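What's counted below: heavy atoms across the whole structure, side chains too, no hydrogens, waters or symmetry copies. Only a predicted model underlies this, so the values are computations on that prediction, with no experimental measurement involved. Residue numbers begin at 1 in each chain, while the letters A, B, ... track the order of the sequences.
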There are 2 protein chains.
Amino acid sequence: MLRLHHTPLFSAWPNDMIAPLLAQSQPLTLESGEILFAEGSPARSFYFLAVGRINLIAAAATGQEKIVEIIQPDDLFAEAVAFLGGRYPVTAQADATTTVLEIPLDLFVATLEQRPLLMRQMLARLSMRLHFLVKELRHLSVESAEQRLASYLLELCPVVNSPAAIELPAKKAAVAARLGLTPETLSRVLSRMRKAGLIEVEQRTISIPDPLALRRWAGGR
Amino acid sequence: MLRLHHTPLFSAWPNDMIAPLLAQSQPLTLESGEILFAEGSPARSFYFLAVGRINLIAAAATGQEKIVEIIQPDDLFAEAVAFLGGRYPVTAQADATTTVLEIPLDLFVATLEQRPLLMRQMLARLSMRLHFLVKELRHLSVESAEQRLASYLLELCPVVNSPAAIELPAKKAAVAARLGLTPETLSRVLSRMRKAGLIEVEQRTISIPDPLALRRWAGGR
DNA sequence: CGGGGCCTTGACGTGATTCAATAAAGGTGG
DNA sequence: CCACCTTTATTGAATCACGTCAAGGCCCCG
């Protein structure tokens, strides 16, 4: 045990504050497709993703779904709801066989309150998420499918000025939903990029010989 | 002086903590169209809007603009950037002759850190904004123009089960940008709603005889 | 009276979705 | 290891929502 200590949020926590939290936490296993929590249900825990994959989904009345975020192993999620005494704003659904650690919010908050420094970090963390969402908002509203996919791929690139081979973090349908597209559209955009010589696609692996060229290409659409 | 005391954020602050903050703050007046701060510039202050109107804008490379939020008098804004030592994620532009109070972030943060209770409130506030943005994300990505406008109007309704007359908070072009639409589309949707007998439009005033009917109508599109 | 925002309306173009069919990949059991 | 079935991905054609372009109306203010 436990990679939890190495998350950005907990890395600064002294061990003796994490221990009681862990004592009250429990691992949960989900099969692919299972719902961890549903949008609107009261939030009593947040989670650490140990193995597998979780999609955070915002659904509309029409049944259309948008993936707000694809959670990867070693990520914490849903911790930001704690301070509203709140409800989950999204649905969390497993996209593969998945194990999460369920951590009770009340103890977490109580611990935070004894340590202004930790609070400060938590604020920074929320602020980061805020920026992330504002960026998402921009992507969705003023950018084309090409631009959205290009930004997304470029974000996955470790460095932007040399060739990269990246791995899509989930099946293409999920990536499409993450980008606010249909799987069909994603497929077409990928093939346009391929035909333009900007990327190579092999299953979930995408090679980008020149990321900057990709950015330029997407800029003009 | 001063309505600042009555904002959700400051209402719990003791006067003697607000006073030094005010001493370091100064009023600023902007003409319509003037930029208060630009996206990406370093954030040293946040603001209280006394009179006028400010649009928070996220722009894309193509020049397209999305209004993230329309700020109204007595609102605080840009306070959430404080904890990243950050840069403004959006541009703030006056949409009318406007006066704001410019409050230095460093002193604000320093004050917060001495008072865990205030920090706790700040966390709640950020959490709220997070929920707001997630909701926005959903609206933008999985809802039609009709649904977006309907939700928007319904949010402006004080009560949903009795007739309401609401006032658009800005000129229609700005509302359109807020909803991620063009002015033309907004106009058309409004007129569709009017023809369906769901609303009456008179300049910026919109009467909704039956909000629930509006919600149902929008549900099926 | 005239000019300039602001809003509306129409005709048209286009990017993305939808529907449907096919192909490829992955998993399972014989 | 291969046939079989399911899931996932691609491709094409038709459709649709929304955006773009352009023209005209309204209202306010000089």
Item to check | Rounded interatomic separation in angstrom, taking NZ from A:K171 and C1' from C:dA25 | outcome: 13 Å
Next on the checklist: Base, sugar-phosphate or nothing for B:E184? Non-hydrogen atoms, less than 4.0 Å.
Outcome noted: base
Checklist entry - So what is the end-to-end bend of the helix from C:dC7-D:dG24 to C:dG30-D:dC1, with 5 pairs used at each end and the value given to 10 degrees? => result 40°
Next on the checklist: Would you say A:T182 places a side-chain N or O within less than 4.0 Å of OP1 or OP2 belonging to C:dA16?
Outcome noted: no
Item to check | A:M193 side, atom CE; A:I208 side, atom CD1 - distance, nearest 0.5 Å | outcome: 8.5 Å
Next on the checklist: Quick one: does any side-chain atom of B:T98 pair with a main-chain N or O of B:R53 as donor and acceptor, under 3.5 Å?
Outcome noted: yes
Next on the checklist: In this structure, how many angstroms lie between the C1' atom of C:dA16 and the NE2 atom of A:H139, rounded?
Outcome noted: 19 Å
Checklist entry - Just how far is it from atom CD1 of A:I54 to atom OG1 of A:T99, taken to the nearest 0.5 Å? => result 9.5 Å
Next on the checklist: We want to know whether A:E167 and A:T205 form a side-chain donor-acceptor pair, criterion being a heavy-atom distance below 3.5 angstrom.
Outcome noted: yes
Checklist entry - Is any N or O donor-acceptor pair between the side chain of B:R188 and the base of C:dG10 shorter than 3.5 Å? => result yes
Checklist outcome for this item: For A:G180 and A:L140, the nearest pair of non-hydrogen atoms, with its separation, is CA-CD2, 4.3 Å
Next on the checklist: Using ring centroids (six-membered ring only for Trp), state whether A:F46 and A:F77 fall under 6.0 Å.
Outcome noted: no
Next on the checklist: At a heavy-atom distance below 4.0 Å, which nucleotide of DNA chain D is the first touched by chain A, and which is the last?
Outcome noted: D:dT8 to D:dA13
Item to check | Heavy-atom pair of closest approach, residues B:H139 and B:R148 | outcome: O-CD, 3.2 Å
Next on the checklist: Heavy atoms only, 4.0 Å cut-off, all strands: where does A:L186 land among base, sugar-phosphate and nothing?
Outcome noted: nothing
Next on the checklist: Can you measure B:K195 atom NZ to C:dT8 atom C1' for me and round it to whole angstrom units?
Outcome noted: 10 Å
Item to check | Whole-Å distance separating the CZ atom of B:R192 from the P atom of C:dC7 | outcome: 18 Å
Checklist entry - Taking CD from A:E143 and P from C:dA16, how many angstroms apart are they, rounded to a whole number? => result 12 Å
Next on the checklist: Centre-to-centre under 6.0 Å for A:F37 and A:Y47, is that the case here?
Outcome noted: yes
Next on the checklist: Let me confirm one number: the CD1-CD distance from B:I57 to B:Q64, rounded to the nearest 0.5 Å.
Outcome noted: 12.5 Å
Checklist entry - B:E202 CD to C:dT8 P: how many Å, rounded? => result 12 Å
Item to check | B:L168 CG to C:dC7 C1', straight-line distance once rounded to whole Å | outcome: 12 Å
Item to check | Distance in angstrom units between A:L149 CG and C:dG15 P, rounded | outcome: 16 Å
Checklist entry - DNA chain C: A:Q203 or A:T185, which has the more 5' nearest nucleotide? => result A:T185
